[in-house]
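Read through the structure below, which is laid out as structure tokens, and then see the notes.
For clarity, every value in this text was computed on a predicted model and none was experimentally measured. Sequential numbering from 1 along the given sequence is applied to the chain's residues. These numbers come from the heavy atoms of this one structure, side chains and all, not from hydrogens, waters or symmetry mates.
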Amino acid sequence: MQRRMLVNALDPEEVRVAVLDDGILQEFYIERASRETLVGNIYKGRVVNVVSSLQAAFVDVGLGKNAFLHATEVVAPDAAPAAEPEAENGAEADTARRWGDKPERRAAPAIKEVLRPGQEVLVQVTRDTVGDKGPSVSMDISIPGRYLVLTPATRRWAVSKRITDAAEREGLKAALAELEPPEDLGFIIRTAGTGQNRRDMKKDLEYLVRLWRAVAARGAEEKAPAAVYQESDLVIRTIRDLFNPDVEEVLIDSATVYERTTEFVAAVMPKFRPRFMLYEEDEPLFHKFGVEPQIEGIYRKRVDLPSGGSIVIEETEALTAVDVNSGRLVGESPEEMAYRTNLEACEEIGRQLRLRDIGGVIVIDFIDVHEGPHKREIERALKEGVKRDRSQTTVLRMSRFGLVEMARQKIRPGVKLVSYGECEACRGTGLVKSVESMALGLLRLIRHELSVGYGLGIEIRMNPEVAQFLLNTKRKEVMRLEERYGRGVSIRGEAGFGVERYEVERVQA
């Protein structure tokens, strides 16, 4: 399998990063200069309000909208990590306390016992502003490096849960212990840390420690609300988080971004520097590798499957519904056809959730299968399909109705919201009134306006097709209303008016 990363940054207003496996788009990230993400930024904020019923506080971090801080994300100033069961001697006990391969989520404290209005706190954005809601923040700060993640509030060591091999985990533990991390800070070894030499790991650790000391010092000096740390830009973030030895080449079409990126690479992973290249051909980078048509597919509701089946993705305010439709596999029983189509859908669903960055509750309506082993295999395939997702996912078992519920961590608004705005005609519903329905509605409006017209006639400007319907099909009804109320009605078609748009003005009868 050939893996390639493409960075399109020629236009400073919009930066896009794509990851391809054998030419197939697997990851896609887009960031607008006007809508840069806040996730990862650290602020010194001031508690504005504490709401016990929500077990949450609202914090002013200087962004115009107060940030939401839930009790589960609060770290008391004197909080210490819970100790593991005692070992037989002091040294082993200390090691047990330090290591937390799968740390439990801290119990939520009574919010009013920990925070009070006016209190200054250091918080990190964990979820971007969505609609009228401000960002979500956490006091449990984490700063990622190339191979390690620094967690100052946790003060424990851990290995990424994605690393499942027991021997490998033990080797990484030993490697981290040899680096002698500061006792007052916690660290998590990332999957990228696998197989790295001691020198590179040490450089990463020292960089993170220096960075945190600077952030903490600035946090102590600044007056709230203030920004004390800004996460790296999209290109550096994606290379830091996604690049691994399997990526054969990284092509960047902007000389400025290329220079900045290679400086970062030379500092944190110099041996991979030759894989980063400046793309200078005339043909646009994403067109050269067939990415643009695949990106357009992200915005469509329907996605075709190889067998002829399809999945239809509908995003709503509360959840996302995914419907799997049958294919055209010939010569197989209905059970076998449904089973194979569902398996194809599992892989594509995992890919589409990543590409569209869909979060929250997701309900998948699979084609009905009746055999128990088939149901279990579909569940397994779906879990495998979302395995490479960097966002946390939870997949439940299939219900009697063939539904699978899952949840995916929502960090920032989906890709669609970056490129699309709400339709002025349908206001986001995807539907507009028919010409006939709109005309009948305006006829009722004319009747109302004339009945309370205060001696004045009315002029209505509307869509030309709606006006034509009223003037032709409903002309007699309009004339009867004019005679009944003794006032005139002027109906005008206006080019450029959508079907549902109209304007009413009172005029002298």
Side-chain angles (χ1 to χ4, degrees), residues 26-32 35-41 54-56 58 65-73 105 108 124-138 140 142 161-162 241 297-303 311-324 345-366 378-379 381-399 401-423 427-430:
Q26 296 294 338
E27 310 257 2
F28 177 65
Y29 301 91
I30 180 172
E31 189 168 279
R32 288 267 174 86
R35 295 183 58 178
E36 287 184 339
T37 181
L38 302 174
V39 174
N41 291 358
L54 295 177
Q55 271 291 81
F58 292 90
K65 294 181 180 179
N66 291 335
F68 180 81
L69 174 62
H70 193 264
T72 53
E73 301 292 347
R105 186 177 182 85
Q124 184 174 41
V125 177
T126 57
R127 178 175 170 179
D128 270 323
T129 297
V130 178
D132 295 330
K133 298 179 181 178
S136 297
V137 296
S138 173
D140 190 2
S142 62
K161 290 185 288 185
R162 293 177 179 273
D241 297 339
I298 295 175
Y299 306 116
R300 301 192 187 107
K301 292 198 299 184
R302 178 188 171 100
V303 181
I311 60 175
V312 177
I313 302 171
E314 292 276 4
E315 296 182 59
T316 73
E317 187 73 20
L319 54 81
T320 298
V322 182
D323 183 30
V324 181
C346 288
E347 181 178 355
E348 188 60 36
I349 288 169
R351 175 173 170 264
Q352 290 297 326
L353 294 181
R354 291 194 308 273
L355 291 176
R356 300 170 189 236
D357 202 9
I358 295 174
V361 176
I362 300 157
V363 179
I364 305 168
D365 182 11
F366 284 103
I378 292 168
E379 293 169 1
L382 181 59
K383 290 178 181 178
E384 189 66 27
V386 300
K387 199 171 185 180
R388 65 180 292 176
D389 201 329
R390 293 192 302 128
S391 292
Q392 294 181 7
T393 57
T394 302
V395 180
L396 303 183
R397 300 194 69 175
M398 185 179 290
S399 73
F401 300 109
L403 302 176
V404 172
E405 298 172 75
M406 65 174 289
R408 183 176 185 271
Q409 181 186 20
K410 189 175 185 69
I411 297 175
R412 55 183 63 88
V415 169
K416 186 184 293 185
L417 294 180
V418 178
S419 301
Y420 285 78
E422 186 176 276
C423 173
R427 295 181 291 279
T429 65

(message) Using side chain to side chain contact (heavy atoms under 4.5 Å, CB included), reason through Val312 and Val322 one step at a time and then give a plain yes or no.
(response) CA-CA 6 Å; Val312 177; Val322 182; over 6 Å; no
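- Taking OH of Tyr299 as the reference point, atom CG of Leu355 lies at 10.0 Å (rounded to 0.5 Å).
- Thr393 contributes atom OG1, which lies 13.0 Å from atom CZ of Arg388 (distance to the nearest 0.5 angstrom).
- Counting only distance, with no hydrogens or angles, the side chain of Glu314 and the backbone of Thr320 share no donor-acceptor pair below 3.5 Å.
- A pairwise comparison of heavy atoms in Val125 and Leu38 identifies CB-O, 3.3 Å as the closest pair.
- Other residues, nucleotides and ligands contribute at most 12 non-hydrogen atoms within 6.0 Å of the CD atom of Glu405.
- Proximity of Leu319 to Ile362: side-chain heavy atoms (C-beta onward) are nowhere separated by under 4.5 Å.
- Interatomic distance, Gln392 CD to Lys161 NZ, rounded to the nearest 0.5 Å: 5.5 Å.
- Across every non-hydrogen atom of Phe401 and Asp365, the tightest pair is O-OD1, 4.2 Å.
- Residues Ile378 and Cys346 have side chains in contact (heavy-atom distance under 4.5 Å, counting atoms from C-beta outward).
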(message) Evaluate Tyr29 against Glu31 for side-chain hydrogen bond (donor to acceptor under 3.5 Å, both in side chains), listing each step before the verdict.
(response) CA-CA 7 Å; Tyr29 301 91; Glu31 189 168 279; over 6 Å; no
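- Taking a 6.0 Å sphere around CD of Gln409, one finds it holds more than 12 heavy atoms contributed by other residues, nucleotides or ligands.
- Residue Ser138 is tested with Glu73, Arg127, His70 for a side chain to side chain contact (heavy atoms under 4.5 Å, CB included); the sole match is Glu73.
- Between the OG1 atom in Thr37 and the CZ atom in Arg32 there is a gap of 14.5 Å [rounded to 0.5 Å].
- Taking CG of Leu403 as the reference point, atom CZ of Arg397 lies at 15.0 Å (rounded to 0.5 Å).
- Val137 and Ala67 get closest at one heavy-atom pair: CG1-CB, 3.6 Å.
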(request) Could you please spell out the steps behind the side chain to side chain contact (heavy atoms under 4.5 Å, CB included) verdict for Leu396 and Met406? (result) CA-CA 6 Å; Leu396 303 183; Met406 65 174 289; over 6 Å; no
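- For the pair Pro135 and Asp128, the minimum side-chain heavy-atom distance is 4.5 Å or more.
- Heavy atoms only, all atoms of each residue included: Arg162 and Lys387 are closest at NH1-O, 2.8 Å.
- Interatomic distance, CD of Gln124 versus CG of Asp140, reported as 8.5 Å (0.5 Å rounding).
- The backbone N or O of Val361 sits nowhere less than 3.5 Å from a side-chain atom of Arg408 that would complete a donor-acceptor pair.
- Judged by distance alone, the side chain of Arg354 and the main-chain N or O of Asp389 form no donor-acceptor pair under 3.5 Å.
- Other residues, nucleotides and ligands contribute over 12 non-hydrogen atoms within 6.0 Å of the CD atom of Gln352.
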(message) Between Phe58 and Leu69, does the side chain to side chain contact (heavy atoms under 4.5 Å, CB included) criterion hold? Intermediate values first, please.
(response) CA-CA 6 Å; Phe58 292 90; Leu69 174 62; over 6 Å; no
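- Panel note: side chain Thr126, backbone Ser136; a donor-acceptor pair is recorded below 3.5 Å.
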(request) List the steps and the verdict of side chain to side chain contact (heavy atoms under 4.5 Å, CB included) for Ile364 and Leu382. (result) CA-CA 10 Å; Ile364 305 168; Leu382 181 59; 3.7 Å; yes
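- When all heavy atoms of Met398 and Glu379 are compared, the pair lying nearest together is N-OE2, 2.7 Å.
- Other residues, nucleotides and ligands place no more than 12 heavy atoms under 6.0 Å from the NZ atom of Lys133.
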